[in-house]
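Accompanying notes for the structure given below.
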Amino acid sequence: MKVKREKWSKEFSKWFDEVLEKAELYDYGRYPLKGTGIWRPYGFKLRQNIINIIRREHDTRGHEEVLLPLLIPEHFLRKESEHIKGFEAQVYWVTHGGAEELDVKLALRPTSETIITPMVAYWYQSYKQLPRRFYQIGSIFRYETKATRPMIRLREVTTFKEAHTFHDSFEDAERQVMEAIEIYKRIFDELGIPYKISQRPEWDKFAGALYTIAFDTILPDGKVLQIGTVHHLGQNFTKAFEARIQLKDGSIDYMWSTSYGLSDRVVATLIAVHGDDRGLVLPPKVAPIQVVIIPIPAKDETKTKEIIGYAQNIKEILASHNIRVHLDDRIEITPGYKYYDWELRGVPVRLEVGERELTDKTVTVARRDTLEKKVVELNNLVSELNNVFKEIEGYLKKRAWEFFNNKIRMTTSLDEAIKIIEEHGGIVELPWCGDLKCGLEIEARTGLRVLGKPLKSEQVDVNGYKCPVCGKPAKTILRLAKTY
Ligand code: 5CA
Ligand code: ZN
């Protein structure tokens, strides 16, 4: 196999930082503000293509995009008591306007429940106006105290997609939670990103939520990253902001709400799970450049000019079929160096055109994922490329899921759980009685982080298994991991 993934897994952190820099995606660590990154043009385009998928999946399922203020008056942020308890330590405060000290301190929003809920209280009075689903994509700020990492743990999260929905019953909000899970599955499936869905334990739910459902993935180093969360907020925020409606039977009650979020971590994960030792490998769907054409100069100069003309002709054909194509006609650089350069940047397909291709009216097609090459007739190029794009997407998704599934193991013993994570990383699953106390005990005795239990819809067979702490029959499984 030509494809190597050694550095990618063994020195993932270094691999990741180098790819961001060398592929000119994202500048991190040089701007003198921890937890803040700069999207460079190539990275910005990749991010934009991913955002387009996120937007489409929300828009087509009844969500409406909004734009909310970046600042929250202190008393608003404090209205929901659990929420502020959870976020207090992470809030950035604006205290001055010019030289003047402000009467009311302003928080840079860490998330927007306390902005949209009071507004919705003005907008809707009747169950007839519900449900409503809103979302915003923008920056939020969190003064993270754990080690910050590019795209993965930011203090300014620049690609925060937060959805906020409002309902006339607990059940309708719960239905929305399930709908949100389906939306997130579609987004991750489309990007070929593997995940497990777990209900977070009580002690790790979102501040102000009734319960939290999380999507977790495994990065190449075996550590788990939370890549999305869906929260049932009950009436906690609507009570705090007196968001009341009239129900069908004429009575007045508070609305019910949910929220769910994604971030720059989606982009980070896409980069991480599909990469290899040569660098980035992008699915054609989101690649800023899907095809790069490399002309191979001939000995004779007029031949070379013909080759470049042929390459330009190919470029026009592809562009007219809406393929994102780039012709690398730099003359001072050798084809070999160009191969290396575009491989690093993850361009899914490279076309090589030289003397032979010119004579035969063919093109050599090289795949970034498998590094395989084949010769294709110019007449069939567009349809061939569209097939190759699908093949690449299929291959990347399959390879990512194989890596992921291989890192999920079941055991019945706590010692074994520790050993498995030490040796393989990933996620370990233990039978569990469902008791919170046993869950906390498992977390304390293994030193691992509890991810939670699977949803009821995910069938797990724990027949005959016992909880490793209390010895009672297991009702479900508990997932544990080392996490980011
Ligand atoms: N208001 C809710 C739903 S939008 C909320 O804020 N949920 S959250 O806190 O869980 O954040 C949503 C997602 O953002 C998380 O699942 C995680 O994937 C991502 N995220 C959270 N904090 C950061 C951070 N500091 N850097 C990058 N991504 C983050
Ligand atoms: Zn137990």
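All values derive from a computational prediction rather than experimental measurement. These values consider heavy atoms only, across backbone and side chains, with no hydrogens, waters or symmetry-generated copies. Whatever order the structure lists ligands and atoms in, that order sets their numbers, starting from 1.
- In this structure, R132 forms no cation-pi arrangement with W123, as its terminal cationic atom is not both closer than 6.0 Å to the ring centre and no more than 45° off the ring axis.
- Separation of the Y195 and W401 ring centroids falls under the 6.0 Å cut-off.
- Cation-pi check for R142 over F87 is not met; the charged atom does not lie both under 6.0 angstrom from the ring centroid and within 45 degrees of its normal.
- Every N/O-N/O distance between H164 and ligand 1 stays at or above 3.5 Å.
- Here the Zn ion (ligand 2) has protein N, O or S atoms under 2.8 Å from it, and they come to 4.
- At a heavy-atom distance under 4.0 Å, only side-chain atoms of E113, from C-beta outward, approach ligand 1.
- For residues 405-420, the side-chain hydrogen bond (donor to acceptor under 3.5 Å, both in side chains) pairs, not counting sequence neighbours, are R409-H424.
- Which parts of ligand 1 touch R153 is read off a 4.0 Å heavy-atom cut-off, strictly below it: atoms 26 (N).
- Counting protein heavy atoms only, atom 7 (N) of ligand 1 is closest to H231 NE2, 3.0 Å.
- In summary, the atoms of ligand 1 found under 4.0 Å from a heavy atom of I227, numbered by their order in the structure, are 18 (O).
- If you look at T229 next to ligand 1, the close heavy atoms, those under 4.0 Å, come from the backbone and the side chain alike.
- Applying the side chain to side chain donor-acceptor pair (under 3.5 Å) test to R399 and every residue at least two apart in sequence or in another chain returns nothing.
- Looking at ligand 1, you won't find any N or O of Y260 less than 3.5 Å from one of its N or O atoms.
- With salt bridges taken as basic N to acidic carboxylate O contacts below 4.0 Å, one links K185 and E182.
- Relative to the six-membered ring of W15, K7 misses at least one condition, a distance below 6.0 Å or an angle of at most 45° to the axis.
- Within ligand 1, counting atoms from 1 as listed, the ones closer than 4.0 Å to a heavy atom of V157 are 24 (C), 25 (N), 26 (N).
- Checking W256 against Q176 by side-chain atom types alone, no donor-acceptor pair falls below 3.5 Å.
- At a heavy-atom distance under 4.0 Å, only side-chain atoms of R142, from C-beta outward, approach ligand 1.
- D264 does not count as a contact of ligand 1, since none of its heavy atoms falls under 4.0 Å from the ligand.
- Side chain of Q290 to backbone of P284: a donor-acceptor contact under 3.5 angstrom is found.
- The distance from ligand 1 to the heavy atoms of E162 drops below 4.0 Å at these ligand atoms: 4 (S).
- Within 6.0 Å of CZ in F160 there are more than 12 heavy atoms belonging to other residues, nucleotides or ligands.
- For atom 17 (C) of ligand 1, the closest heavy atom belonging to the protein is R265 NH1, 3.7 Å.
- Listed by atom number, the atoms of ligand 1 under 4.0 Å from E144 heavy atoms are 22 (N), 24 (C), 25 (N).
- Contact between I140 and ligand 1 is absent, with no heavy atom of the residue lying under 4.0 Å from the ligand.
- Both the sub-6.0 Å distance and the 45° axial angle are not jointly satisfied by K205 relative to the ring of Y211.
- For the pair F160 and ligand 1, a heavy-atom separation below 4.0 Å is found.
- Within the 4.0 Å heavy-atom criterion, the part of I152 lying near ligand 1 is the backbone and not the side chain.
- Residue L154 places at least one N or O, backbone or side chain, under 3.5 Å from an N or O of ligand 1.
- In this structure, the protein non-hydrogen atom closest to atom 20 (N) of ligand 1 is S263 OG, 3.9 Å.
- Taking the six-membered ring for Trp, Y122 and F241 have ring centres at least 6.0 Å apart.
- For E24, there are no side chain to side chain donor-acceptor pair (under 3.5 Å) partners at least two apart in sequence or on another chain.
- Within 6.0 Å of CZ in F403 there are more than 12 heavy atoms belonging to other residues, nucleotides or ligands.
- Looking at heavy atoms from C-beta onward, V224 lies out of side-chain contact with Y484 at the 4.5 angstrom threshold.
- Closest protein heavy atom to atom 18 (O) of ligand 1: Q226 O, 3.1 Å.
- For atom 5 (C) of ligand 1, the nearest protein heavy atom (residue, atom name, distance) is F206 CE1, 3.4 Å.
- Taking a cutoff of 4.0 Å between a charged side-chain nitrogen and a carboxylate oxygen, E441 and R445 qualify as a salt bridge.
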